[in-house]
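Proteins come first, then strands; the chains are lettered A, B, ... in the order of their sequence lines, and each starts at number 1.
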Number of protein chains: 2
Amino acid sequence: MRIAVDAMGGDNAPKAIVEGVMLAKKDFPEIEFLLYGKENEIKKYMTDDKNVTIIHTDEKINSDDEPVKAIRRKKTASMVLAAQAVKNGEADAIFSAGNTGALLAAGLFIVGRIKGIDRPGLMSTMPVIGKDAGFDMLDLGANADNKPEHLANYAVLGSFYAQKVRGINRPRVGLLNNGTEETKGSELTKKAFELLSQDPAIHFIGNVEARELLDGAADVVVTDGFTGNAVLKSIEGTALNLMALLKQSILDSGAKGKLGALLLKDALRKVKNEMDYAKHGGAVLFGLKAPVIKTHGATGPEAVAYTIKQIHTMLATDVVAQLVAHFEEMPTDKDETQS
Amino acid sequence: MRIAVDAMGGDNAPKAIVEGVMLAKKDFPEIEFLLYGKENEIKKYMTDDKNVTIIHTDEKINSDDEPVKAIRRKKTASMVLAAQAVKNGEADAIFSAGNTGALLAAGLFIVGRIKGIDRPGLMSTMPVIGKDAGFDMLDLGANADNKPEHLANYAVLGSFYAQKVRGINRPRVGLLNNGTEETKGSELTKKAFELLSQDPAIHFIGNVEARELLDGAADVVVTDGFTGNAVLKSIEGTALNLMALLKQSILDSGAKGKLGALLLKDALRKVKNEMDYAKHGGAVLFGLKAPVIKTHGATGPEAVAYTIKQIHTMLATDVVAQLVAHFEEMPTDKDETQS
């Protein structure tokens with residue numbers, strides 16, 4: 001099990017990345033790490049070099065680089081070399097906390113799509129509030145425009161992930177829509193509803209509304225990348241703003257309020273922890289020939305280690321190979337006409 | 001100034017509606033109210049009949065009626081009669097807390113569109129967290145599919161509302177998009193960006209992301225009805241879930257936590273108040289020949305009174321007539337070809 005790590009991606013790189021790798025090594029001695037980046041900087045944070053190979057490169061992709069151009073022109077960037085290692089079979093997965101757009105481009109153009117999946121989707125496991133559970137949602141923004149067939153693919157991708165990686169027996173798939181009734185929706189979601197209803201490979205439970213996502217209305221939620229991106233950012237923005245408002249209201253309420261906050265410390269910490277997306281792992285660009293995983297740029301060593309655990313599960317369960325097999329068995333258009 | 005009120009719409013009708021009208025009458029003695037519904041039930045909650053006319057009808061539209069069918073078949077429903085009063089010039093605006101879809105249909109098919117506006121949008125003023133401010137967003141779901149030209153109309157509609165009704169001098173218009181860069185977006189938003197950039201009637205500030213809406217990134221936010229609906233419901237769902245989680249965490253933390261909550265009562269109430277959408281008025285189906293306003297079905301008398309204040313401002317500022325004039329002055333396609 002070999003993971004190619006873009007050691008130079010993210011605001012706290014290479015420190016947070018290398019420290020996260022060191023943490024993960026303790027739990028997963030079977031993983032071999034290939035670290036791409038500046039050797040002397042990486043070495044500073046290494047406490048142990050067993051199963052770690054550094055591939056030195058001076059070049060890296062910056063957070064403000066134009067993604068597709070960066071991938072094409074910076075041929076020796078740490079992220080590009082890591083993606084090529086996956087393509088060449090030298091590594092089984094790639095991890096980066098760097099430029100999201102560039103990683104999406106590297107995934108599509110270097111690692112490559114699974115045959116039968118036109119538009120891989122960006123997927124995250126999001127928290128179900130107040131329960132020790134989550135739901136997988138895609139596409140969160142890898143694509144700006146999607147067709148009904150893409151949403152049908154996402155249902156299969158999400159179901160495989162929820163079942164193999166999260167251990168949910170028969171994942172409930174919901175279609176994000178503007179109402180729960182079957183007749184509701186845009187042209188896109190009405191057609192997607194039909195396709196999802198007919199797919200025996202998934203357990204489709206119908207439409208779900210954005211209001212009920214955090215209640216755990218479904219285990220897998222499929223939507224187009226534009227809407228998914230807007231919903232994810234709305235949830236994040238609302239949570240951040242509410243917590244900031246609560247903090248400010250406490251500060252404004254004087255000594256009495258501060259004492260109250262002290263007494264409520266555990267309760268407030270619990271709320272904050274629930275909304276901590278890092279605990280739910282990184283975002284997967286799913287539908288590619290190998291796991292391509294991204295975490296927040298501002299991520300710390302623990303979140304890096306958690307994401308490596310997630311990649312470990314993806315590799316141990318061989319979820320990608322099973323997806324490849326599933327889509328190979330799918331009838332092509334030609335077969336459908338004949339049957 | 002005459003407002004047609006669907007007294008039978010909403011979970012708490014006619015009680016909350018009639019009590020709200022009674023409250024509003026104190027502040028606005030110049031408004032004449034036409035109340036549509038069951039006379040003896042309405043009379044129960046009336047404390048004063050000055051400037052109030054009851055138009056009795058036994059029929060009403062239920063929350064689970066199929067909107068368009070209900071409007072067409074229930075010809076004497078309270079909502080239908082109220083809409084017809086507006087159409088016939090007997091009233092200047094219509095208010096309902098009933099079936100949203102039916103009110104949208106009544107607005108489109110009975111009250112009618114302003115010439116030049118293909119697809120009226122559902123608009124609400126949403127809170128900017130931590131500031132005494134808000135932003136107008138549309139379309140929140142009147143349409144499931146929109147064209148770039150509709151979004152350009154929404155920018156004008158929202159700007160007129162923000163300026164005339166909310167008193168913002170030069171409202172900043174943002175286009176909801178999946179990134180702030182000019183090149184970002186779906187086919188729809190890229191074309192909408194072009195149209196918005198070229199419209200001298202608005203102050204377009206470019207793309208805004210869902211994450212920054214509650215920070216007050218723009219005074220007017222335009223989007224298609226599918227995305228707007230999903231974003232609105234994501235914000236509501238996240239806020240409700242977080243407040244419920246906070247409450248549960250406090251309850252779970254025993255006597256210490258309860259004392260803490262007591263000390264923090266003012267701070268917690270402030271947070272709750274900020275997220276109280278009722279304080280920001282009802283949702284307007286905007287782009288019609290008269291104000292058509294909806295509040296939440298579960299609304300109480302105060303929220304009804306607040307929404308009537310909002311309608312009063314819309315009528316006092318004559319914002320709809322100004323919109324009609326604006327769109328009449330717009331060059332038609334033919335004029336554009338000649339110029």
Side-chain angles (χ1 to χ4, degrees), chain A residues 129-130 141 144-145 176-179 183-190 209-215 223-227 229-246 248-253 256-268 270-271 274-275, chain B residues 66 101 129-130 141 144-145 176-179 184-190 209-215 223-227 229-246 248-250 252-253 256-268 270-271 274-275:
Chain A
I129 301 276
D145 292 288
L176 185 70
N177 213 335
N178 58 0
T183 53
K184 280 275 188 174
S186 61
E187 287 174 27
L188 172 68
T189 57
K190 282 179 185 169
E209 289 198 81
R211 197 185 281 119
E212 43 182 9
L213 293 181
L214 299 183
D215 300 333
T223 185
D224 67 281
F226 190 87
T227 308
N229 189 267
V231 165
L232 174 69
K233 286 173 180 168
S234 299
I235 293 173
E236 287 179 351
T238 308
L240 284 172
N241 268 292
L242 268 183
M243 294 310 284
L245 174 64
L246 184 62
Q248 191 56 49
S249 301
I250 290 170
L251 288 173
D252 291 348
S253 60
K256 200 178 78 170
K258 287 193 190 73
L259 178 60
L262 202 66
L263 291 168
L264 277 183
K265 213 168 107 183
D266 296 341
L268 293 172
K270 193 180 161 195
V271 174
E274 287 254 1
M275 292 307 292
Chain B
E66 203 282 303
I129 302 277
D145 291 287
L176 185 70
N177 213 334
N178 59 0
K184 280 274 187 174
S186 60
E187 286 175 29
L188 172 67
T189 57
K190 281 179 186 169
E209 289 198 81
R211 196 185 281 120
E212 44 182 8
L213 293 180
L214 299 183
D215 300 333
T223 185
D224 66 281
F226 190 87
T227 308
N229 190 267
V231 165
L232 175 69
K233 288 174 180 168
S234 298
I235 292 173
E236 286 179 352
T238 308
L240 284 173
N241 268 291
L242 268 184
M243 295 308 284
L245 174 66
L246 183 61
Q248 191 55 48
S249 302
I250 290 170
D252 290 349
S253 58
K256 201 179 76 171
K258 287 195 190 72
L259 178 60
L262 201 68
L263 291 167
L264 276 184
K265 213 168 106 184
D266 296 340
L268 293 173
K270 195 180 160 196
V271 174
E274 287 253 2
M275 291 309 292

**Q** Examine whether an atom of A:Asp215 lies under 4.5 Å from a heavy atom of chain B, and if so say whether it belongs to the side chain, the backbone or both; otherwise answer neither.
**A** both
**Q** Locate the shortest heavy-atom distance separating A:Ser234 from B:Ser234; write the atom from each residue and the value.
**A** CB-CB, 3.7 Å
**Q** With a 4.5 Å heavy-atom cut-off, do B:Thr238 and A:Leu242 have their side chains touching?
**A** no
**Q** Given the options A:Ala244, A:Ala210, A:Gly237, which has more heavy-atom pairs under 4.5 Å with chain B than any of the others?
**A** A:Ala210
**Q** Under a 4.5 Å heavy-atom cut-off, does chain B meet the side chain of A:Thr189, its backbone, both or neither?
**A** side chain
**Q** If you measure from CD1 on A:Ile250 to CG on A:Leu262, what distance do you get to the nearest 0.5 Å?
**A** 10.5 Å
**Q** Chain A heavy atoms under 4.5 Å from B:Glu187: which part of the residue, side chain, backbone, both or neither?
**A** both
**Q** If you count heavy-atom pairs under 4.5 Å between each of B:Ala144, B:Gly141, B:Gly179 and chain A, which one has the most?
**A** B:Ala144
**Q** When rounded to the nearest 0.5 angstrom, what is the spacing between CD1 in A:Ile235 and CZ in B:Arg211?
**A** 12.0 Å
**Q** Between A:Leu188, A:Asn177, A:Leu213, which has the largest tally of heavy atom pairs under 4.5 Å with chain B?
**A** A:Asn177
**Q** Is the backbone N or O of A:Asn229 less than 3.5 Å from a side-chain atom of B:Asn178, with the two atoms forming a donor-acceptor pair by type?
**A** no
